[in-house]
Structure formats: C-alpha cells, structure tokens
Amino acid sequence: MVSYNDGTMSLECILLGVAQDAGVPQAGCYCTTCANARANPANQHYTVCLGLIDRDRSACWMIDATPDFKHQHAALMAAAPGCEWQGIFLTHAHIGHYTGLIHLGKECMNARALPVHASARVCQFLCTNAPWSLLVRNNNIALIEIAPGQLCELGPGCSITALVVPHRDEFSDTVAYVIAGTQRSLFYCPDIDRWEDWGTPVRELCSTHDVSLIDGCFYDSTELKGRDMTLIPHPVIAHSMTVLNGLERDIRFVHLNHSNPVLTKTSAEYARVIAHGFGVGDQGDRWEL
Ligand SMILES: [Zn+2]
Ligand SMILES: [Zn+2]
Ligand SMILES: [Zn+2]
C-alpha cells in the first residue's frame, strides 16, 4: 500500500485532446490544416479534454465530454488500466464540452448513475433540455452540483476546485478547474473570454500553479478572415504571452481553433511560442501531481 506522505505522486493528468470545440479537421472546412488532417490521421486533433488518474486508488475521471468522447474514453481507459471510471467534471454547456454525454445513454453505454459534476446552471440545463434530461430520468448520469471555490476531494491530498470564469453564457456559466495532487497543482482553463474581464489576476494564478493549460483558441486577432472576432472573444496567444511573460512555469495553450498556426509545428508562430518559454498542448501530454 502506497502512503500519501512518502513523496509518491498520486494524481496524474493526461491531455486527451487539444482542439477547439469543433476539432481538427472541422466539418466543411478545406483550409490547409483541415485538408492535411483529413489526408493524414496523425494531423487530426480531438477537442480539448483532460483525464485524471489516481493509480493508488484505481480511479479515473474526465474533464468535459466532447464530440470525440468515444475515442477519448478509450484513450483514458488505455492509460489507466484497471482503474474505475468515476465520473465527469463539466466546464460549461457549449457543444465541444458536454455533447459527448450522448454516449452514456441507452443507445450506447447505458451508464449506471455515473457522477457528472457541474455548476448549478449546467445541471439545470441538462435536467430541463432533451435529450440530456432523459439521461437524468433514466439514471444514466447522477448530477452533482459543484460550488465554485469549494474544494472537492478526489482522494487523500488530491482535489479539484471549480473557478467561475467570464465566457459567453448562452446556456450556462463556465468554470475553470484547479487540480491538486499531493505535490503539485495544475490550472485548467480551456475556455474564457478575456483575462481582463476576470476578477482573478491570471498572472498570479499561473505563477501559483506548477502547470497551466489555458485557452489559446487563436494566435492573434487577425486570424479569422471575414468574421468579427469581437463576437467570439478569447485571449489570443500573442496577448497571453505578454500578460504571462517571464513566469518560468509550464504553461501550454489548448482549445486551439483549426485556423491557429501553432497547430503546425513548423510555423513561425509555434517557434515564437516555444522561444517565449511557453508550450502548445499535445494529445498524450502527461503530468504527475
Ligand atoms: Zn470551447
Ligand atoms: Zn480548417
Ligand atoms: Zn465555450
């Protein structure tokens, strides 16, 4: 039996996808990145999703249920052999973050009261809108409300805490998560409007935690030709690198739109991210906390 006080890393995080809600390739898009992804599966990217594994207690969880859920669930179980899947933590009710729940219903896994942790507004949304409401009625999922800022224990010395962040709230509010192991902690914020709209200073947060996986949807504000980018606000990577300059922490960008040049490792933008001491999330990246 492993003791939690002997310095053993007890919680492991694994990145199961890095793309924005629509994934790469994006349906109906024939840009070079999407065309290359269709031509070669090695260039495809699942929607952003984080797996949590506690090998000592043989347990694992997932943050968000994406449209790529079936592949990501398989990847998590392969990374955590012998572990029991103990539930899902949702960030918000945009399509890339919860629609994978369809796989829990009668037509598919027919899950038995799988714990789905979410904010009160996300729980309310799932209870009152079909087809999600049927998952609740059939007891495929057991909704558990998370109170923002309140530490939820995953195991001895390991916890997850939700932080409310500003983000387009058509259907629900949005949370980021802090995941703490016995040694280290990770800040996971895949979707947010602008750092400046948030009461919490992001620089302080990213310096507090050993690892930060943050919204890097677009590289800069010129990226989406012909679309008003003020209507889809995200902290662009070029700006985040200025805000977080010189922190000397493991900070990686995720939630990458198909248009984002950092998806191509030979791009000048990717090189710039690395040169500034940041990283770009890769499917399969792991951290021990
Ligand atoms: Zn998203
Ligand atoms: Zn594309
Ligand atoms: Zn969103």
Side-chain angles (χ1 to χ4, degrees), residues 15-50 62-69 72 88-101 118-119 121-122 125-126 129 132 148 162-177 187-195 197-198 212-220 222-227 229-237 240 252-265 267 269-270 280-281 283:
L15 205 43
L16 301 169
V18 299
Q20 175 264 8
D21 298 45
V24 178
Q26 180 170 317
C29 182
Y30 297 92
C31 75
T32 310
T33 301
C34 291
N36 286 341
R38 264 182 220 103
N40 182 358
N43 296 325
Q44 296 184 4
H45 300 280
Y46 295 146
T47 297
V48 65
C49 178
L50 191 70
M62 195 183 255
I63 300 185
D64 281 341
T66 87
D68 296 310
F69 171 86
Q72 294 171 318
I88 301 173
F89 290 83
L90 296 177
T91 58
H92 65 303
H94 280 157
I95 61 141
H97 302 268
Y98 78 99
T99 54
L101 293 176
S119 74
R121 278 185 64 194
V122 172
F125 171 80
L126 296 173
N129 288 281
W132 324 107
L163 308 174
V164 177
V165 299
H167 185 48
R168 294 178 291 113
D169 62 348
E170 291 96 340
F171 299 114
S172 78
D173 50 1
T174 299
V175 300
Y177 285 104
F187 170 53
Y188 182 66
C189 182
D191 235 337
I192 186 167
D193 284 357
R194 281 161 20 99
W195 301 126
D197 297 339
W198 197 18
S212 293
L213 304 176
I214 59 173
D215 186 350
C217 202
F218 305 112
Y219 184 79
D220 64 28
T222 63
E223 193 171 311
L224 281 192
K225 313 291 178 220
R227 269 182 86 167
M229 286 183 68
T230 60
L231 299 178
I232 32 173
H234 286 277
V236 297
I237 290 178
S240 295
R252 303 186 206 189
F253 297 103
V254 296
H255 196 265
L256 308 170
N257 200 56
H258 68 113
S259 58
N260 197 322
V262 304
L263 282 166
T264 306
K265 289 200 164 78
S267 68
E269 289 84 353
Y270 183 90
V280 175
Q283 211 160 291

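First listed ligand is number 1; within each ligand, the first listed atom is number 1. All values derive from a computational prediction rather than experimental measurement.
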Study note, to complete from the structure: Residue set satisfying side-chain contact (heavy atoms from CB on, under 4.5 Å) with P148, at least two apart, ordered chain then number -> V164
Exercise for review: Of all N, O or S atoms in H167, identify the one at the shortest distance from the Zn ion (ligand 3).
Suggested key: NE2
Point to revise | Criterion side-chain contact (heavy atoms from CB on, under 4.5 Å) on L101 and I88, from CA distance to verdict | key: CA-CA 9 Å; L101 293 176; I88 301 173; 3.8 Å; yes
Exercise for review: Kindly determine whether V122 and V175 satisfy side-chain contact (heavy atoms from CB on, under 4.5 Å), including the steps that lead there.
Suggested key: CA-CA 10 Å; V122 172; V175 300; over 6 Å; no
Practice item. Show your reasoning for whether side-chain contact (heavy atoms from CB on, under 4.5 Å) applies to H45 and L263. Key: CA-CA 9 Å; H45 300 280; L263 282 166; 3.7 Å; yes
Review point. Is F171 atom CZ crowded by more than 12 heavy atoms from other residues, nucleotides or ligands, each under 6.0 Å away?
Key: no
Practice item. Using a cut-off of 2.8 Å, find all protein N, O or S atoms closer to the Zn ion (ligand 2) than that distance. Key: C29 SG, C31 SG, C34 SG, H258 ND1
Check your understanding: Protein N/O/S atoms under 2.8 Å of the Zn ion (ligand 1)?
Key -> D21 OD1, H97 NE2, D191 OD2, H255 NE2
Exercise for review: Check the pair N260 / F253 against side-chain contact (heavy atoms from CB on, under 4.5 Å), numbers first and verdict last.
Suggested key: CA-CA 11 Å; N260 197 322; F253 297 103; over 6 Å; no
Check your understanding: Looking only at side chains, do D64 and T66 share a donor and an acceptor under 3.5 Å apart?
Key -> no
Point to revise | Sequence neighbours excluded - side-chain hydrogen bond (donor to acceptor under 3.5 Å, both in side chains) pairs with any residue from residues 30-44 | key: none
**Study point:** With D191, the side chain to side chain donor-acceptor pair (under 3.5 Å) member among R168, H92, Q20
**Key:** H92
Review point. Do the rings of H255 and H234 sit parallel, tilted or perpendicular, given the 30° and 60° boundaries?
Key: tilted
